[in-house]
There are 2 protein chains.
Amino acid sequence: MAKRSADPSNGSAPAARQVPMRDFSRSLPMSLLRAREAVMRQFRPSLRQHGLTEQQWRILRALAAIEAVEVTELARTAFLLGPSLSRILRDLEARHLIERKTAKADQRRSMVSISEKGVKLMASVAPSSEAIYAEITRRYGARKLAELQEMLGELEQSLAGLGAGDEAIAEE
Amino acid sequence: MAKRSADPSNGSAPAARQVPMRDFSRSLPMSLLRAREAVMRQFRPSLRQHGLTEQQWRILRALAAIEAVEVTELARTAFLLGPSLSRILRDLEARHLIERKTAKADQRRSMVSISEKGVKLMASVAPSSEAIYAEITRRYGARKLAELQEMLGELEQSLAGLGAGDEAIAEE
DNA sequence: CGCATTCACTTAACATGTTAAGTATCTCCC
DNA sequence: GGGAGATACTTAACATGTTAAGTGAATGCG
């Protein structure tokens, strides 16, 4: 349908087809990207209705289960880089959805926690969020979903030691 | 190690644990996000050495296999939103890695193609990129990788009809 | 023909991703 | 106890993600 015929009538066709590679659209990164987007597309409308972005929601969820965390650990939990987290925390604090106070023992650290208002917001979002997750599980199959997550985890594991490129491994 | 004990000495512990939900870190979106990041972390150093971002590389790869495409179709192929693509094309054109000319039949459309310089750049990146992909395949297992991609594709499929939230489905 | 709609982008504006640099605090060792 | 280095963030700067609005060119229809 969307197939494009060669159309040799093009007067000055530039270079192409010179670098043979795997079919791009079937690469692992693209598969992961598309799959994740297909999933997140389901959640975004509901979050948006409540004035939350995906990342803000991640932060609130990470905070909901604990009393307080340091920013660094929160970054690890919510899988955000420090600078992103720093900005988002500033905004969430301005909206009074979280609270921050510097640790007594170490003035460098600041402990972050969810506020009452944040808890209430979460409570208003959670039902719809759970419903969407349930629908995804229903469509894809609970067993298959668990298997997929298992395989994703193993993929992570198998790449764990491969480093960020310039860090020479120290233990051998 | 990183386990945090309750520490009841906290004078004014704010709200927490109020909204029971699935363990956040095991959610499907997070699994997909972490897996993709684990994969892309392998590729980024090599791309960066050649002055390319992940998205610029996606665009060049999408262009390498064809003579020319419209921007809209390129957006679909490279899985980028129009505005992102528009900016990146502007930059790639300024670097003479791609070429653009407006279609004869329809002045609105512009046909994008990779340039000679772009082809050469791709040729210099491709070997390392293929090597990395091969190493990932080796570590994870070729069969398992194919299976994973199959499952990711099925996940996409099973969510295909679920729409962007506000579009009423017409066929039932 | 004329004009409202649609279409194919591009711009704009704001949030986040990403790397590098800055700042304040803490630790350790002399 | 004092200064070098490490730590825990925060800022800065630039690229991309994301939605909405803008622009110019086709299309359709009265």
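Here the structure is a predicted model, which is why all the values come from computation and not from measurement. Here is the naming used below: chain letters follow the sequence lines, and residue numbers restart at 1 for every chain.
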Side chain of [X]: nearest nucleotide among [options]?
X: B:Pro83; options: C:dC9, D:dT16, D:dT18; value: D:dT18
X: B:Arg109; options: C:dT16, C:dA8, D:dT16; value: C:dA8
X: B:Arg87; options: C:dC26, C:dA13, D:dC9; value: C:dA13
X: B:Gln55; options: C:dC26, D:dA15, D:dG17; value: D:dG17
X: A:Thr53; options: D:dC9, D:dT16, C:dA15; value: C:dA15

Does the side chain of [X] get closer than 4.0 angstrom to OP1 or OP2 of [N] through an N or O atom?
X: A:Ser84; N: C:dT16; result: no
X: B:Gln56; N: D:dT16; result: yes
X: A:Arg100; N: D:dT10; result: yes

Pick the closest DNA chain C nucleotide for A:Asp106 and for A:Arg58 by heavy atoms, then say which residue is nearer the 5' end.
A:Arg58
Taking for A:Arg108 and for B:Thr72 the nucleotide of DNA chain C with the nearest heavy atom, the one nearer the 5' end belongs to B:Thr72
Give me the atom names and distance for the closest heavy-atom approach of B:Ser129 to B:Phe43.
O-CE2, 3.4 Å
Nearest heavy-atom pair of A:Phe79 and A:Arg58: which atoms, and what distance?
O-NH2, 3.3 Å
Test item: A:Lys144 side-chain N/O and B:Met151 main-chain N/O as donor-acceptor pair under 3.5 Å:
no
I'd like to know if the side chain of B:Ser115 and the backbone of B:Leu97 have a donor-acceptor N/O pair within less than 3.5 Å.
yes
Euclidean distance, atom [atom1] of residue [X] to atom [atom2] of [N] [Å, nearest integer]:
X: A:Leu85; N: C:dT16; atom1: CG; atom2: P; result: 10 Å
X: B:Leu80; N: D:dT16; atom1: CG; atom2: P; result: 9 Å
X: B:Phe43; N: C:dT18; atom1: CZ; atom2: P; result: 16 Å
X: A:Ile59; N: C:dT16; atom1: CD1; atom2: C1'; result: 11 Å
X: A:Leu89; N: C:dT16; atom1: CG; atom2: P; result: 10 Å
X: B:Trp57; N: D:dA15; atom1: CH2; atom2: C1'; result: 19 Å
X: A:Leu81; N: D:dT10; atom1: CG; atom2: P; result: 14 Å
X: B:Glu70; N: D:dA25; atom1: CD; atom2: P; result: 17 Å

By the 4.0 Å heavy-atom rule, please label B:Arg90 as base, sugar-phosphate, or nothing.
nothing
Salt bridge (charged side-chain N to carboxylate O under 4.0 Å, His left out) between A:Glu37 and A:Arg44, intermediate numbers included:
CA-CA 10 Å; A:Glu37 179 54 29; A:Arg44 269 193 272 267; 2.6 Å; yes
Taking B:Arg139 first and then B:Glu135, would you say they form a salt bridge - that is, a charged N and a carboxylate O separated by under 4.0 Å?
yes
Checking only heavy atoms, does the side chain of B:Arg44 share a donor-acceptor pair with the base of C:dG17 at less than 3.5 Å?
no
Given that A:Val71 and A:Arg48 both sit by DNA chain D, which one's nearest nucleotide is further toward the 5' end?
A:Val71
